[in-house]
Amino acid sequence: MTDEGLCTFCSGTRPPLPDGATAPAPATGLGPGAGPGSGPGSGGWGVGTWPRSPVGLSRAVIALLGCVIASDLFVIGAGLHLRGLWEGLAADESLNIYIDPGLRAQELYDLAGNVQTAAFLATGVLFIIWFHRTRRNAEVFESGVQRMGPGWAVGGWFVPVANLWFPYRVASGIWEASVRLHPDGGWRTVPKTVLNLWWGGWIVSVLASRIAVSQWNRAREPEQISDAAALVAAADALDLVAAALAIVFVRAVTRMQVERAGSREAATVPERAVPGSTAP
C-alpha cells in the first residue's frame with residue numbers, strides 16, 4: 001500500500017525488493033523456474049517481470065467512450081431532423097429545403113459528424129494504448145495462454161479483413177491471463193460473456209456503418225436520401241451500443257488485472273518478510 005491508500009499496482013509503483021536483492025531475470029527455455037508467466041514467451045523484448053497499472057488509462061478511455069456516446073446521440077438527433085426535411089420533400093416536391101431551414105439542418109448534421117469523427121479517433125488511439133498495456137500485463141501474468149504477441153494489440157486493428165478477428169484473439173488471451181487464480185494456485189475460468197458481447201457489438205457496428213455510408217453515398221432522389229438517413233441513424237445507434245459495451249469490457253479487464261496483480265504482489269510479501277533473506 002502507498003501513503004495514498006492505493007495498492008502498488010494501482011499507483012503505478014512496484015513493491016520494494018529485500019535489502020541487497022535484485023529483480024530476477026525472466027526464466028527462459030525449459031529449465032527450473034520456467035512455466036506460464038515466467039518467461040518472455042511471445043512478448044519478446046521489453047516485457048518486464050512486473051505488470052504496469054492500466055487503471056489511469058482505463059479511466060481516460062471510459063471518459064472518451066462517454067464522449068463517443070454523446071456524439072452519437074448528437075449525430076442521431078441531427079440526422080433524424082435532416083431526414084424529416086428530405087422525407088417532406090419526397091412527399092411534396094414543391095418544398096424547397098435547399099435554403100433556410102434546410103441549409104441550417106445540413107450544417108448542423110455536418111458539425112455533428114465532425115464531432116463524432118473526432119471523438120471516435122481520440123478514443124480509438126487511447127483505447128489501443130490501453131489494450132496494448134493490458135496485453136503486455138497478460139504476458140507477465142500468463143504468457144502460455146497468449147495466442148498472439150503484444151505487437152498485434154496495435155497492428156491487428158490495421159490489417160484489412162484480419163482486423164475482424166485478430167484483436168479478438170489478442171483480447172481472449174488478455175482475458176484468460178487476467179483471471180485471478182484460486183488461493184491454492186489452481187486455474188480459474190471466467191465466462192467470456194462480456195468479451196463476446198463487446199466484440200460482437202463492435203463488429204455489427206462496423207458492418208452496419210459501412211452499409212449505411214455506402215447507401216448514403218449512392219442516394220440521389222429525396223426518398224432515397226430519406227431512407228439512407230434512417231439507415232445511418234440506425235448504424236449510429238449501434239455504435240452507441242458498442243461504445244457502452246466497450247465501457248463494460250474495459251472496466252472488467254482492468255478490474256481483473258488489478259485483482260490478479262494484487263494476488264501476485266501478496267504472494268511476494270512472505271518472501272520479503274523473511275529475516276536475513278538474500279537474493280539467490
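Keep in mind that this is a model prediction, so the values were computed, not measured.
Side chains of Phe127 and Leu64 form no contact here, defined as non-hydrogen atoms less than 4.5 Å apart. You'll find the side chain of Trp175 stays beyond 4.5 Å of the side chain of Asn196, heavy atoms only. Residues Gln257 and Ile174 meet the side-chain proximity criterion, which asks for heavy atoms closer than 4.5 Å. The side-chain heavy atoms of Asn163 and Phe158, taken from C-beta on, include no pair separated by under 4.5 Å. Put simply, the side chain of Ile225 does not reach to within 4.5 Å of the side chain of Leu82, judged on heavy atoms. Taking 4.5 Å as the limit, every side-chain heavy atom of Trp198 sits out of range of all side-chain heavy atoms of Tyr168. The closest side-chain heavy-atom distance from Tyr109 to Val232 is below 4.5 Å. Using a 4.5 Å cut-off on side-chain heavy atoms (C-beta onward), Thr123 and Cys67 make no contact.
What you find for Ala252 and Val194 is that their closest heavy atoms are CB-CG1, 4.3 Å. Annotation for Arg83 and Ala230: closest pair NE-CB, 3.2 Å, computed over non-hydrogen atoms. Across every non-hydrogen atom of Trp86 and Pro222, the tightest pair is CE3-CA, 3.8 Å. Heavy-atom minimum distance, Phe249 versus Ala171: CZ-CB, 4.1 Å. Here the closest non-hydrogen pair linking Arg147 and Glu176 is NH2-OE2, 2.7 Å. For the residue pair Ala229 and Gly79, the shortest heavy atom distance occurs at CB-O, 4.4 Å.
The backbone N or O of Leu231 sits nowhere less than 3.5 Å from a side-chain atom of Trp216 that would complete a donor-acceptor pair. Under the 3.5 Å distance criterion, the side-chain polar atoms of Gln146 are matched with a main-chain donor or acceptor of Gly173. Not one N or O on the side chain of Gln215 forms a donor-acceptor pair closer than 3.5 Å with the backbone of Ile211. Listed for the Thr254 side chain is no donor-acceptor partner under 3.5 Å among the backbone atoms of Arg251. Remark: the backbone N or O of Pro51 is not paired with any side-chain donor or acceptor of Asn137 at under 3.5 angstrom.
In summary, the side chains of Ser214 and Arg210 do not present any donor paired with an acceptor at a separation below 3.5 Å, with no hydrogens or angles considered.
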### Task
Evaluate the criterion side-chain contact (heavy atoms from CB on, under 4.5 Å) for residue pair Val159 and Trp152; output intermediate values, then yes/no.
CA-CA 10 Å; Val159 180; Trp152 286 110; 3.9 Å; yes
### Task
Could you walk me through whether Asp239 and Gln116 pass side chain to side chain donor-acceptor pair (under 3.5 Å), step by step?
CA-CA 11 Å; Asp239 184 71; Gln116 184 189 46; 4.5 Å; no
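Remark: aromatic rings of Phe166 and Trp157 are distant, center separation not under 6.0 Å.
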